[in-house]
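Written out below as structure tokens is the structure these notes cover.
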Amino acid sequence: METDDSTFESYFANPPEGLDMSLLDRSRVPRHISCIMDGNGRWAVARGMSRGEGHKAGIVSLREIITACVRLDVEVLSAYAFSTENWKRPQAEVNLLMHLFAQTFIEELPLLKRENVRVVFLGDISALPDQTREVFEYGLNACADHTGMVLALAVNYGARAELARAARLLAKKVAEGKLAPDDIDEDAVSGALYTAGLPDPELVIRTSGEFRLSNYLLWQSAYSEFYITDTYWPDFNRWELVSAIIAFQHRDRRFGGLGTGKAARDDA
Ligand code: FPP
């Protein structure tokens, strides 16, 4: 029998023992959740499988997290799929990833359509192999009119390269007389990034226990809360996502001020 997972209630029915779903405040789910999907290779090696199998399993997890975020009414889900540094991996792994990206994007178009998900790419996709780039461009068009959650896929992305590109874009506008140097403020920089128009990530999740940002969303994550889990990405699922959101909802976010927690109360 087909199970209906089209609602929050059905998708999050039967949580594992130890997870109390009543702790989740659905009115305070982060608008933008970002995932550094790490540990595919180690997940595979631990099972005597190839790293490629790990990436395939990672794609299954990404699919689950996309659906979970839609059910949670998240506005933006971003995911770090391939960094500007990942080109240094063995050519065979790079080729496989590029092939998997293209294949996955085509295969997931029905899901993106059903769930009304719009895709944007963060990073320079013009430098990708032709087949992958063409599939991405086709897919972008196919879901351009979707009005639901934004899925921001970081592919050939590096935050420093993104900031250098933003500086170039702004400098060109200045050279063309379209922008005064004194008008280059934080909004102008934000507007020149790949994430222009998207809210900053409130919650950044990194799997596989590494405490690093790895050149990811340096500007945008200035005030993000971080959730690090030892779980490898292929084992990261809807329940661990809910745990991350519950943990986020218990953080005292102060943005440099006193916030609402102990520090603020002591001062009152
Ligand atoms: C990190 O694991 C993961 C990646 C480099 C690739 C992640 C990509 C996906 C899950 C698919 C994205 C899909 C699309 C359509 C863009 P790792 O290899 O660094 O793991 P390790 O640290 O254990 O070696």
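All values below come from the heavy atoms of this structure, side chains included, with hydrogens, waters and symmetry mates left out.
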(request) Run through the side-chain heavy atoms of Ile, Leu, Val, Met, Phe, Trp and Tyr, join any pair under 4.5 Å, and report what else lands in Ile228's cluster. (result)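 Listed partners: Phe211.
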
(message) Other members of the hydrophobic cluster containing Ile59, with the 4.5 Å side-chain heavy-atom rule, please.
(response) Leu96, Leu100

Residue pairs passing the ring-ring contact (aromatic ring centres under 6.0 Å, His included) test where at least one lies in [range], sequence neighbours excluded:
{"range": "residues 44-64", "answer": "none"}
{"range": "residues 111-134", "answer": "Phe105-Phe121, Phe121-Phe136"}
{"range": "residues 24-43", "answer": "none"}

(request) Evaluate the side-chain proximity of Leu169 to Arg165: yes if any heavy-atom separation is below 4.5 Å, no if none is. (result) yes

(message) Do Met149 and Ile66 make a side-chain contact, defined as non-hydrogen atoms from C-beta onward lying under 4.5 Å apart?
(response) yes

Quick one: list whatever passes side chain to side chain contact (heavy atoms under 4.5 Å, CB included) with [X], sequence neighbours left out.
{"X": "Ala44", "answer": "Met49"}
{"X": "Leu19", "answer": "Pro15, Pro16, Met21, Trp239, Val242, Ser243, Ile246"}
{"X": "Ser50", "answer": "Glu53"}
{"X": "Ser224", "answer": "Pro201, Val204, Ser221, Phe226"}

Quick one: does any side-chain atom of [X] pair with a main-chain N or O of [Y] as donor and acceptor, under 3.5 Å?
{"X": "Asp5", "Y": "Ser10", "result": "no"}
{"X": "Asp124", "Y": "Asn156", "result": "no"}
{"X": "Arg238", "Y": "Tyr11", "result": "yes"}

(request) Look at Glu9 together with Arg26 and state whether they make a salt bridge at an N to O cut-off of under 4.0 Å. (result)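 Yes, charged N to carboxylate O under 4.0 Å.
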
(request) Take the angle between the ring planes of Phe8 and Phe12 and call it parallel below 30°, perpendicular above 60°, tilted in between. (result)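 Plane angle between 30° and 60°, so tilted.
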
(message) For Tyr216 and Tyr80, take the angle between the two ring planes, folded into 0 to 90°, and tell me which bin it lands in: parallel under 30, tilted 30 to 60, perpendicular over 60.
(response)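 Parallel: the ring planes of Tyr216 and Tyr80 meet at under 30°.
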
Show the atom names and distances, to 0.1 Å, of all donor-acceptor pairs under 3.5 Å that link a side chain in residues 187-195 to residues at least two apart or in another chain.
unit_1 : atom_1 : unit_2 : atom_2 : d
Ser190 : OG     : Glu186 : O      : 3.2
Ser190 : OG     : Trp219 : NE1    : 3.0
Thr195 : OG1    : Gln220 : NE2    : 2.9

(request) Tell me, please, which residues at least two apart from Asp183 pass side chain to side chain donor-acceptor pair (under 3.5 Å). (result)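 With sequence neighbours excluded, Asp183 shows a side chain to side chain donor-acceptor pair (under 3.5 Å) to no residue whatsoever.
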
(request) With sequence neighbours excluded, tell me which residues meet side chain to side chain donor-acceptor pair (under 3.5 Å) with Gln249. (result) none

(request) Write down the atom of Leu217, the atom of Ser78, and the distance for their closest heavy-atom approach. (result)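 Looking at all heavy atoms of both residues, the shortest contact is CD1-OG, 4.2 Å.
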
